[in-house]
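Report on one structure; see the data block that follows.
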Amino acid sequence: MKIVSWNVNSLNVRLPHLEQWLGTFAPDIVALQETKLEDTRFPDTALVGAGYRSVFAGQKTYNGVAILSRESASDVQIGIPGFDDEQKRVIAATVAGLRIVNLYVVNGQDVGTDKYAYKLRWLDAAHAWLQNELAQYPDLIVLGDFNIAPEARDTHDPSVWNEHHILTSTAEREALQRLQALGLHDAYRLHSQEEGQFSWWDYRQAGFRRNLGLRIDLTLISDSLRARCTAAGIDREPRTWDRPSDHAPAWVELV
DNA sequence: ATGGTGGGATGCCCA
């Protein structure tokens, strides 16, 4: 079973890419971020044509998340329970016996800003919730755009992406480590220790051509799923297409 | 260079 996270940066613009990629990669479950679509505009009919059901939580212009799946999804949860937030960044559902939590983590703009404080509060709320989710659902997958590069080897230049920089700051990495300490493991690192393997490249400065990227799109899997996870990777191909998302799909394979 | 590129409720905000 192939499970994927992809920040599409506007599903309206990227639907043709998504459809093409679904057709060739044939994932079973897809977590999308930055759909930037109100629910009434979500292309669920087109995706049924591609063989996928959808659950989604969106808004105009910003944010927006969805889970696509071949099998039906149940027990859909939108947002972090008890955390009041107008921004549509979280959707969770049960698919094929797996609890899937799709996160579009706050970017945070710059260390020390209001948005950075919101990011850290948001991650705290996510931590408390995921502790509960794990107790309830041992087979848990938490995936999405984490907007945090876990380690120096997940950045193209650790001297730039350092402990004071947004997406790599100490407080952000500690928040991610607290999630992992719940018993959630970075599936990519179960299978590859390579550096320079990125999932996001800035549109500016020819970032993709020069591989100036970060690995910020992650899949965390619970203890019980570790033995079932046989492979993980990042598919750079859609990033080479015309008018791409700035993110590539990050995938894991479960047996 | 406080820049740059891309998406969208566009002449700004967010990433």
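Throughout, a chain's letter reflects where its sequence line sits, starting with A, and its residues are numbered from 1.
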Could you check how far CG of A:Asp246 sits from C1' of B:dT5, rounded to whole Å? 9 Å
Using the side chain to side chain donor-acceptor pair (under 3.5 Å) rule, collect all pairs that involve residues 225-236 of chain A, keeping only residues at least two apart or in two chains. A:Trp21-A:Asp235, A:Gln197-A:Arg236, A:Asp223-A:Arg226
Go nucleotide by nucleotide along DNA chain B from the 5' end; which of A:Tyr104 and A:Arg14 gets its closest nucleotide reached first? A:Arg14
Under 4.0 Å from any atom of DNA chain B, heavy atoms only: list the residues of residues 195-210 of chain A that qualify, in numerical order. A:Tyr203, A:Arg204, A:Gln205
Without decimals, in angstroms, what is the distance between A:Tyr62 OH and B:dA15 C1'? 10 Å
Does any residue of residues 107-117 of chain A have a heavy atom under 4.0 Å from DNA chain B, and if so, which ones, in number order? A:Asn107, A:Lys115
With rounding to whole Å, what would you report as the distance between B:dG6 and B:dG11 at their C1' atoms? 16 Å
With ring-ring contact (aromatic ring centres under 6.0 Å, His included) as the rule and sequence neighbours excluded, what pairs involving residues 30-50 of chain A come up? A:Phe42-A:Phe56
Please classify the nucleic acid contact of A:Arg239 as base, sugar-phosphate, or nothing, using heavy-atom distances under 4.0 Å. nothing
Mind checking the P distance from B:dG3 to B:dC12? Whole angstroms is fine. 14 Å
Using whole Å, what does the distance between atom C1' of nucleotide B:dG6 and atom CG of A:Asp242 come to? 13 Å
If we take the C1' atom in both B:dT10 and B:dT5, what is their distance in whole Å? 15 Å
What's the CG-C1' distance between A:Leu212 and B:dA15, to the nearest Å? 17 Å
Whole angstroms only, please: what is the CD-C1' distance between A:Gln87 and B:dA15? 12 Å
With A:Ser199 as partner, the option from A:Asp246, A:Asp154, A:Asp217 fulfilling side chain to side chain donor-acceptor pair (under 3.5 Å) is A:Asp217
If the threshold is 4.0 Å, N to carboxylate O, is there a salt bridge linking A:Arg121 and A:Asp114? no
Other members of the hydrophobic cluster containing A:Phe198, with the 4.5 Å side-chain heavy-atom rule, please. A:Trp201, A:Phe208
All pairs passing side chain to side chain donor-acceptor pair (under 3.5 Å) where residues 65-77 of chain A contributes a residue, at least two apart: A:Tyr52-A:Arg70
If you group Ile, Leu, Val, Met, Phe, Trp and Tyr whenever their side-chain heavy atoms sit less than 4.5 Å apart, what else falls in with A:Val13? none
Check the distance between B:dA15's P and A:Asp145's CG and give it to me in whole angstrom. 10 Å
Side chain to side chain donor-acceptor pair (under 3.5 Å) contacts touching residues 35-48 of chain A (sequence neighbours left out): A:Asn9-A:Lys36
Round to a whole Å and report the spacing from CD of A:Glu34 to C1' of B:dG8. 11 Å
On the nucleotide B:dT5, are OP1 or OP2 found under 4.0 Å from the side-chain N or O atoms that A:Arg243 carries? no
Over how many whole Å does the gap from A:Tyr118 atom OH to B:dC14 atom C1' extend? 13 Å
Can you list every pair that meets side chain to side chain donor-acceptor pair (under 3.5 Å) and has a residue in residues 137-146 of chain A, with sequence neighbours left out? A:Asn7-A:Asp145, A:Asp139-A:Ser224
